[in-house]
2 protein chains.
Amino acid sequence: METMNTASAPADEPQWLTAEEQRVWRAYLHATTLLEDHLDRQLQRDAGMPHIYYGLLVGLAEAPHRRLRMTELAMQAKITRSRLSHAVARLEKSGWVRREDCPSDKRGQFAVLTDAGLEVLRRTAPGHVSAVRQALFDRLTPEQQKSLGEIMQIVAEGLQPNEAGADLPWLR
Amino acid sequence: METMNTASAPADEPQWLTAEEQRVWRAYLHATTLLEDHLDRQLQRDAGMPHIYYGLLVGLAEAPHRRLRMTELAMQAKITRSRLSHAVARLEKSGWVRREDCPSDKRGQFAVLTDAGLEVLRRTAPGHVSAVRQALFDRLTPEQQKSLGEIMQIVAEGLQPNEAGADLPWLR
DNA sequence: ACCTCTTTGTTCAAGTTTCAAGGACAGGCG
DNA sequence: CGCCTGTCCTTGAAACTTGAACAAAGAGGT
């Protein structure tokens, strides 16, 4: 719990955000929560499921044979296996996903997108894409889009549990 | 989905995201969910509350007399009044916030940051700021930080029902 | 005063997420 | 084989979120 700052900041003083950094951080928080809420409501209304569940169906739709091992699906969606377990149970109840045993590993389960699941995607994808466009891409210049992609790529890599050579000094 | 259109902008065909846009969008989704999870866990561990609750305390700490009307606090945090009601109930149970009646409007309630609440903030803010730095600012160039701020500002404004000291003539 | 519409904040029920715990299998090693 | 140890996934309870419905009080108009 000690800070090891020695250079520009006093040893035990935290490095507060500058005024400019605060503006950026708040804008980030506002934009991300507003957008997430917006898309959640859009999908709940039009597809009957929250945004993250929709993302699961998309992940399955793009996978070979429309199926993925639970762990793979969880990693792709950046959620815990526990959360995925509950989510798939719900999607199964809705008839959009079905579970299948893995023949080669008896612990394993496949999540498989059903025809009904694919149909839901087909029906709701245009509206969702449109919502994303309206909220994000339509408002940004090509340069901003490019910049956003780079920035988010960097941030995501930095937080990936077991990737990238992030051996930064672990000061807190 | 197959049915691909050949023209650039057919009237009734959805405008799918380009490959580049998809990359940006996925990077955005991954980065934001990873960062949100990361900060949620950091604060749950160090402060005993989720990120959004922490934001409520910060909002109160910065308000005059460390107090805000429920609706104002909800707007500032970009959450519904219902959610805020539950959150404040929980924060009250933890002793970090207290409710007070509004004298001028008998329906109204103030959420007031207690001394214990301020103390929690004082104790945990450095660690949180540090976490934000490590995950975000330390990884971006000054130009990227600036760009991120602009982009998020635009997105937030686009989704805000209506804000910014806007006294615009609203045609009804 | 009266009536109506809006605002404020809460509550209920249903749904979702988290964390800790656990069952079942796989892989390696003596 | 028997015994670890790690991986895969599920479960249950508690915490959190959501949307609709609600009571109470303000705000205006007539």
Side-chain angles (χ1 to χ4, degrees), chain A residues 33-34 36-56 67-94 96-112 161-162, chain B residues 33-34 36-56 67-94 97-112 161 170 172:
Chain A
T33 69
L34 285 171
E36 179 62 17
D37 284 8
H38 181 65
L39 295 181
D40 256 339
R41 293 207 173 91
Q42 185 267 316
L43 281 171
Q44 190 68 56
R45 174 167 51 76
D46 298 346
M49 70 188 116
H51 188 199
I52 190 79
Y53 286 35
Y54 178 89
L56 296 176
R67 82 192 46 212
L68 240 31
R69 286 286 295 269
M70 295 293 281
T71 296
E72 290 180 90
L73 185 52
M75 288 195 307
Q76 158 156 12
K78 263 77 188 167
I79 63 177
T80 63
R81 270 171 289 165
S82 170
R83 186 173 174 183
L84 179 63
S85 232
H86 289 294
V88 166
R90 197 278 219 182
L91 290 172
E92 215 172 6
K93 222 171 289 182
S94 302
W96 298 327
V97 167
R98 140 175 60 89
R99 283 182 220 245
E100 266 181 34
D101 293 342
C102 175
S104 61
D105 185 339
K106 280 170 190 168
R107 299 166 300 178
Q109 290 276 106
F110 281 106
V112 187
N162 50 1
Chain B
T33 68
L34 285 171
E36 179 63 18
D37 285 9
H38 181 64
L39 294 181
D40 255 341
R41 294 207 171 90
Q42 185 266 316
L43 280 171
Q44 190 69 56
R45 174 167 51 76
D46 298 348
M49 70 187 114
H51 189 199
I52 190 80
Y53 287 35
Y54 178 90
L56 296 177
R67 82 191 47 212
L68 240 33
R69 285 286 294 271
M70 294 295 279
T71 295
E72 290 179 89
L73 185 52
M75 288 196 306
Q76 156 156 10
K78 265 76 188 170
I79 64 178
T80 63
R81 294 200 294 294
S82 170
R83 186 173 175 183
L84 179 63
S85 232
H86 291 292
V88 167
R90 196 279 218 180
L91 290 172
E92 214 172 8
K93 221 171 291 181
S94 302
V97 166
R98 141 175 58 89
R99 284 182 220 246
E100 265 181 36
D101 292 344
C102 175
S104 61
D105 185 339
K106 281 169 189 166
R107 299 167 299 178
Q109 290 277 105
F110 281 106
V112 187
W170 219 265
R172 274 181 180 258

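Any value given below was found using the heavy atoms of this structure, including those in side chains, with hydrogens, waters and symmetry copies removed. Convention: sequence-line order gives letters A, B, ...; per-chain numbering from 1.
- In this structure, B:Lys78 places its NZ atom 15 Å from P of D:dT18, rounding to the nearest Å.
- Considering CG of A:Leu34 and CD1 of B:Ile79, their distance stands at 11.5 Å, rounded to 0.5 Å.
- Computed from coordinates, the A:Asp101 CG to D:dC9 P distance equals 11 Å when rounded to whole Å.
- With contacts defined as side-chain heavy-atom distances shorter than 4.5 Å, the pair A:Glu36/A:His51 qualifies.
- Contacts of B:Thr71 with the nucleic acid, taken as non-hydrogen atoms under 4.0 Å apart, involve only primed sugar atoms and P, OP1 or OP2.
- Annotation: side chain of A:Asp105 is in contact with side chain of A:Arg69 (closest heavy-atom distance under 4.5 Å).
- Checked by distance alone, A:Arg107 brings a side-chain donor or acceptor within 3.5 Å of a matching partner on the base of D:dT7.
- Nearest-nucleotide assignment on DNA chain D puts the 5′-proximal partner with A:Phe110, out of A:Phe110 and A:Arg41.
- When the nucleotides D:dT7, D:dT11, D:dA25 are ranked by their closest atom to the side chain of A:Ser82, D:dT11 comes out on top.
- The nearest whole Å value for the distance from the CD atom in B:Gln44 to the P atom in D:dA14 is 16 Å.
- Atom CG in B:Leu84 sits about 12 Å away from atom P in D:dT18, given to the nearest Å.
- In this structure, B:Arg90 has no salt bridge (charged side-chain N to carboxylate O under 4.0 Å, His left out) partners at least two apart in sequence or on a different chain.
- At least one side-chain heavy atom of A:Arg83 sits less than 4.5 Å from a side-chain heavy atom of A:Ile52.
- The side chain of B:Lys106 approaches D:dG26 more closely than any other nucleotide in the set D:dC9, D:dG26, D:dT17.
- Remark: P of D:dT17 and CD of B:Glu36 are 10 Å apart, rounded to the nearest angstrom.
- For the pair A:Leu68 CG and D:dC8 P, the computed distance is 14 Å after rounding to whole Å.
- Close approach of DNA chain C to chain B, defined as any atom under 4.0 Å from a non-hydrogen atom of the protein, starts and stops at C:dT7 to C:dC19.
- Within 4.0 Å of A:Asp40, counting heavy atoms only, lies no atom of the nucleic acid at all.
- Each of A:Thr80 and B:Asp105 was matched to the nucleotide of DNA chain C holding its nearest heavy atom; the match closer to the 5' end belongs to B:Asp105.
- Contact annotation: A:Arg81 side-chain N/O to D:dC9 OP1/OP2 distance is not under 4.0 Å.
- The distance between atom NE2 of A:His38 and atom C1' of D:dT18, rounded to the nearest whole Å, is 17 Å.
- Shown here for B:Ala111 and B:Leu73, the closest heavy-atom pair between the two residues is CB-CD2, 4.1 Å.
- Between A:Val112 and A:Arg99, every side-chain heavy-atom pair lies at or beyond the 4.5 Å cut-off.
- What separates CZ of B:Arg90 from P of D:dA14 is a distance of 15 Å, to the nearest Å.
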